[in-house]
Amino acid sequence: MKLYNTLGGKKEDFVPVTPGQVKMYVCGITVYDHCHIGHARSSIIFDIMRRYLAYRGFDVTFVKNFTDIDDKIINRAKQEGIAWNEVAEKYIAEYYQDMDQLGVGRADIEPKATEHIQEIIDITKGLVDKGYAYAVDGDVYFQIEKFSDYGKLSKRDLDDMIAGARVNVNERKRNPMDFALWKASKEGEPSWDSPWGPGRPGWHIECSAMSRKHLGDTFDIHGGGADLTFPHHENEIAQSEAFTGKPFAKYWVHNGFITVDKEKMSKSLGNFFTIKEILSKFDAEPVRFFLLSTHYRSPIEFSDEQLKEAEVSIDRYYTTALRVRDFLVQDNVKEKAGAEEKAFGEMLDTFRDRFTEAMDDDFNTALAIGNIFELIRMLNKYLDAKPSGAKAKELVVRAQDLLKEIGNALNIFSRTPEQWNSSLMRFKCPNVTEEFILSKIEERQKARGNKDWAAADAIRKELEDKGVVLEDKKEGTAWKVKV
RNA sequence: GGCGGCGUACCCAAGUGGUUAAGGGGACGGUCUGCAAAACCGUUAUUCAGCGGUUCAAAUCCGCUCGCCGCCUCCA
């Protein structure tokens, strides 16, 4: 497997610290507000990495934290007039609601910063003792000049950073780029006792403490959004490596942003869509599909149009799945080959390898999806020739199983065509009932029986205007939601 | 100002030294159908922002130019 490592700035062979095992840590959210689609991208992509590594036979330990103490949480608590920990609890619950709907699995361990205060204090104290950090008026700062590798992740030069520093001048810092490990708390703010007086953790230290506790000094993959590269991850490296004297994470993986009108989606620009907003308009599966249809490191432009295209793609799968099921319930015993049986068989033979090849190359989900649709096309083509017999059945079952297996690794295609259709109904034609549709179909059947094509077409048109399309088949008329 | 990335068809998007330059959407034409829908077939990039260079060979490597974006402050 190859994995793009921000640390090396290139794709590298993935060799875990312990053969067969993968320990990965991903920076989770600060729980002070609803998640937006950018959080969804990060969550989904790392969920997919975790699933795929497991699919490839690795024993994966996946840790994703919650930052549940932070300035933003304290501010939000003031705004809402509730306690800071109530804010944290509220948005953790909201997060789970969003992620459950999106089909993002829980991490194996989901630690919270406030549950690791002792570990945070231990590391901070250790860094002071080793001379990497200094305490001033109840604050403790990490002195970046003491850590000679500072900047190795984000490829920054200390002098350049200082020259272009936009950080607020803080008289207590020896260097403007020094960052807080521990902050003295102001009156009325949440605080914990420490050797430096009552205070709370700085932003970066929690991840060093939690990853170390749950995964050890050195682990395999550390992930997060590209905007965390600097300063968050750079600082984590400094703290952790200065403290343990050992390499921290071996591979640093960063996902690209979601853009709106080419601009990064962000809170400050106000150009974001919450997950809840999107899921009120779209089923979660097209959302996942959309996010996987571009390589995880590339920017991805968000729009309803893109989501609609994803919807069409998912629909194409379920339409084929339904077709496969119809085919398999027929009991045609006569042996008859389908179209291009040999090529189809070869596709089936090589499909799994093509999938792993794509995913092994830095999780190329976009290529994997391309392969999936090639298979879908060949499958449809094969079925078009109306094959029958044991051989045909075997090939079609294999195709179905492969699509399900690969879909499972990507967490798509997991429902029945009926479940998909009824979900679409909720979004596209919530006021139409199945009874109504069926009665209209029956009415139309009568008209068709009388060869009253005008009446039949009028009914079809009426349903189409309501978002329902009819398909006349030999066995009768089927209907589906128009995507 | 420092650092990094991107620019592939009408749209989205893989491909990063030799392949017919994947796949999806859209459009148009065809097969099928009472008509449709779905599905399939065909057409939509002799060419990869532009210009030079390296090479037997470049969308892929190097240089320059143009355009867009990100990080350097909280940010997935």
Side-chain angles (χ1 to χ4, degrees), chain A residues 6 9 11 26-30 32-33 35-46 70-72 75 151 154-157 159-168 177 203 223-232 234 254-259 262-269 272 289-290 293-295 297-301 303 305-306 308-313 315-316 319-320 322-323 339 354 358 361 364-385 448 451-454 456-457 460-461 464 469-473 477-480 482:
Chain A
T6 306
K11 282 185 202 171
V26 172
C27 289
I29 57 161
T30 299
Y32 74 104
D33 205 350
C35 289
H36 59 64
I37 187 73
H39 298 107
R41 184 182 196 188
S42 181
S43 297
I44 285 169
I45 206 71
F46 287 108
D70 173 88
D71 288 351
K72 291 193 289 289
N75 290 338
S154 53
K155 319 268 183 296
R156 274 157 225 266
D157 182 80
D159 296 332
D160 292 340
M161 278 190 282
I162 293 163
R166 287 192 279 154
V167 289
N168 292 334
M177 299 304 295
W203 173 35
D227 46 5
L228 296 180
T229 309
F230 189 88
H232 186 55
E234 194 68 60
H254 294 100
N255 66 273
F257 302 124
I258 292 186
T259 60
K262 294 274 189 178
E263 273 190 316
K264 179 188 171 185
M265 181 183 287
S266 72
K267 291 259 164 144
S268 46
L269 286 169
F272 61 89
F289 184 90
F290 161 66
S293 64
T294 299
H295 186 88
R297 281 189 285 116
S298 303
I300 183 167
E301 172 76 10
S303 69
E305 196 192 345
Q306 294 297 312
K308 281 176 188 154
E309 275 193 24
E311 221 168 45
V312 171
S313 294
D315 193 64
R316 183 164 155 77
T319 300
T320 305
L322 188 60
R323 216 185 152 190
R354 295 219 290 163
D361 185 12
N364 195 339
T365 53
L367 180 57
I369 284 171
N371 292 341
I372 286 171
F373 281 97
E374 262 185 274
L375 175 58
I376 287 175
R377 192 183 66 235
M378 289 195 82
L379 171 57
N380 273 311
K381 190 174 178 173
Y382 183 76
L383 290 172
D384 271 359
R448 291 181 77 209
K451 294 205 186 316
D452 185 352
W453 306 127
D457 290 350
R460 192 216 302 286
K461 181 74 167 53
E464 191 174 347
V469 281
L470 299 183
E471 296 182 15
D472 294 327
K473 302 181 188 178
T477 299
W479 64 274
K480 60 187 255 185
K482 189 180 171 186

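First the proteins, then the strands, lettered A, B, ... as listed; each starts at 1.
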**Request:** Determine the interatomic distance between C1' on B:C12 and the same-named atom on B:A27; round to the nearest Å.
**Result:** 15 Å
**Message:** Could you tell me how far apart A:N371 (CG) and B:A22 (P) are, to the nearest whole angstrom?
**Reply:** 13 Å
**Same-atom distance (C1') from B:A36 to B:U44, integer angstrom** = 25 Å
**Request:** Let me know the distance between CD of A:E305 and C1' of B:G25, rounded to the nearest Å.
**Result:** 9 Å
**Prompt:** Heavy atoms under 4.0 Å, any strand shown: does A:G225 hit a base, just sugar-phosphate, or nothing?
**Reply:** sugar-phosphate
**Message:** Quick check: closest heavy atoms across A:A368 and A:A358, and the distance to 0.1 Å?
**Reply:** N-CB, 3.9 Å
Nucleotide N/O of nucleotides 34-37 of chain B paired with protein N/O under 3.5 Å:
from, atom 1, to, atom 2, distance (Å)
B:G34, O6, A:R444, NH2, 3.1
B:G34, O6, A:R448, NE, 3.3
B:G34, N1, A:D457, OD1, 3.1
B:G34, N2, A:D457, OD1, 3.3
B:G34, N2, A:D457, OD2, 2.7
B:C35, O2, A:D457, OD1, 3.3
B:C35, O2, A:R460, NH2, 2.6
B:C35, N3, A:R460, NH2, 2.3
B:C35, N4, A:D472, OD2, 2.7
B:A36, N6, A:D472, O, 3.1
B:A36, N1, A:D472, N, 2.8
B:A36, N3, A:R460, NH1, 2.9

**Complete:** Sorted by chain and residue number, the side-chain hydrogen bond (donor to acceptor under 3.5 Å, both in side chains) partners of A:T320 (sequence neighbours excluded) come out as A:N380
**Item:** d(CG, A:D315; P, B:G25) in whole Å
**Value:** 10 Å
**Prompt:** If you look at every strand shown and take non-hydrogen atoms under 4.0 Å, does A:G256 touch a base, only sugar-phosphate, or nothing?
**Reply:** base
**Prompt:** Has the side chain of A:S293 got a donor or acceptor atom that lies under 3.5 Å from a matching backbone atom of A:F290?
**Reply:** yes
**Message:** At 4.0 Å (heavy atoms only), tell me whether A:T229 reaches a base, stays on the sugar-phosphate, or touches nothing.
**Reply:** nothing
**Prompt:** Rounded to whole angstroms, how far apart are CG on A:D33 and C1' on B:A76?
**Reply:** 14 Å
**Minimum-distance pair of heavy atoms, taken over all atoms of A:K155 and A:T6** = NZ-O, 2.8 Å
**Message:** Roughly how many Å apart are B:G18 and B:A57, using the C1' atom of each and rounding to a whole number?
**Reply:** 6 Å
**Prompt:** Sub-3.5 Å donor-acceptor pair from the side chain of A:T229 to the main-chain atoms of A:A226, do we have one?
**Reply:** yes
**Prompt:** Can you list the stems that include RNA chain B, where a stem is three or more consecutive Watson-Crick or G-U pairs with distances under 3.5 Å?
**Reply:** B:1-7 with B:66-72, B:10-12 with B:23-25, B:26-31 with B:39-44, B:49-53 with B:61-65
**Item:** A:F289 side, atom CZ; A:E309 side, atom CD - distance, nearest 0.5 Å
**Value:** 10.0 Å
Give every pair of a protein N or O atom and an N or O atom of nucleotides 12-15 of chain B that lie under 3.5 Å apart, one pair per line with the distance.
from, atom 1, to, atom 2, distance (Å)
B:C12, O2', A:Q306, OE1, 2.8
B:A14, OP1, A:H295, N, 2.7
B:A14, O3', A:N364, ND2, 2.9
B:G15, OP1, A:N364, ND2, 2.7

**Prompt:** Is the phosphate of B:C72, meaning OP1 or OP2, less than 4.0 Å from a side-chain N or O of A:K155?
**Reply:** no
**Whole-Å P distance, B:A22 and B:A14** = 15 Å
**Item:** P atoms of B:G52 and B:A59, separation to the nearest Å
**Value:** 15 Å
**Asked** So what does A:I258 touch, heavy atoms closer than 4.0 Å: a base, only the sugar-phosphate, or nothing?
**Response** base
**Asked** Can a side chain N or O of A:R377 be found less than 4.0 Å away from OP1 or OP2 on B:C41?
**Response** yes
**Message:** Check this for me, if you would: do A:R377 and A:D384 make a salt bridge, where the nitrogen-to-carboxylate-oxygen distance has to be below 4.0 angstrom?
**Reply:** no
**Request:** Using the C1' atom as the reference point in each nucleotide, state the distance between B:U46 and B:A21 in Å, no decimals.
**Result:** 11 Å
**Asked** Is A:K267 near enough to B:C74 that one of its side-chain N or O atoms lies under 4.0 angstrom from OP1 or OP2?
**Response** no
**Message:** Any side-chain N or O of A:R316 below 4.0 angstrom from OP1/OP2 of B:G24?
**Reply:** yes
**Request:** Write down the distance separating the P atoms in B:C64 and B:C3, rounded off to the nearest Å.
**Result:** 13 Å
**Prompt:** How is A:N255 classified with respect to the nucleic acid when contacts are heavy atoms under 4.0 Å: base, sugar-phosphate, or nothing?
**Reply:** base
**Item:** Gap in Å between the two C1' atoms, one belonging to B:G17 and one to B:A13, rounded
**Value:** 22 Å
**Request:** Give the rounded distance in Å between these two atoms: CE of A:M177 and C1' of B:G2.
**Result:** 12 Å
**Request:** Figure out the NE2/P separation between A:H254 and B:G70, and round it to whole Å.
**Result:** 18 Å
**Contacts of A:D70 that satisfy side-chain hydrogen bond (donor to acceptor under 3.5 Å, both in side chains) - sequence neighbours left out** = none
**Complete:** side-chain hydrogen bond (donor to acceptor under 3.5 Å, both in side chains) filter on A:E464, not counting sequence neighbours, yields A:K482
**Message:** Distance check needed: B:C71 P versus A:E263 CD, whole Å only.
**Reply:** 10 Å
**Request:** Can you tell me the distance, in whole Å, between the CG atom of A:D157 and the P atom of B:C3?
**Result:** 9 Å
**Prompt:** Can a side chain N or O of A:R354 be found less than 4.0 Å away from OP1 or OP2 on B:A22?
**Reply:** no
**Complete:** 5'-most contact on RNA chain B (nearest-nucleotide basis), A:K72 vs A:G9, goes to A:G9
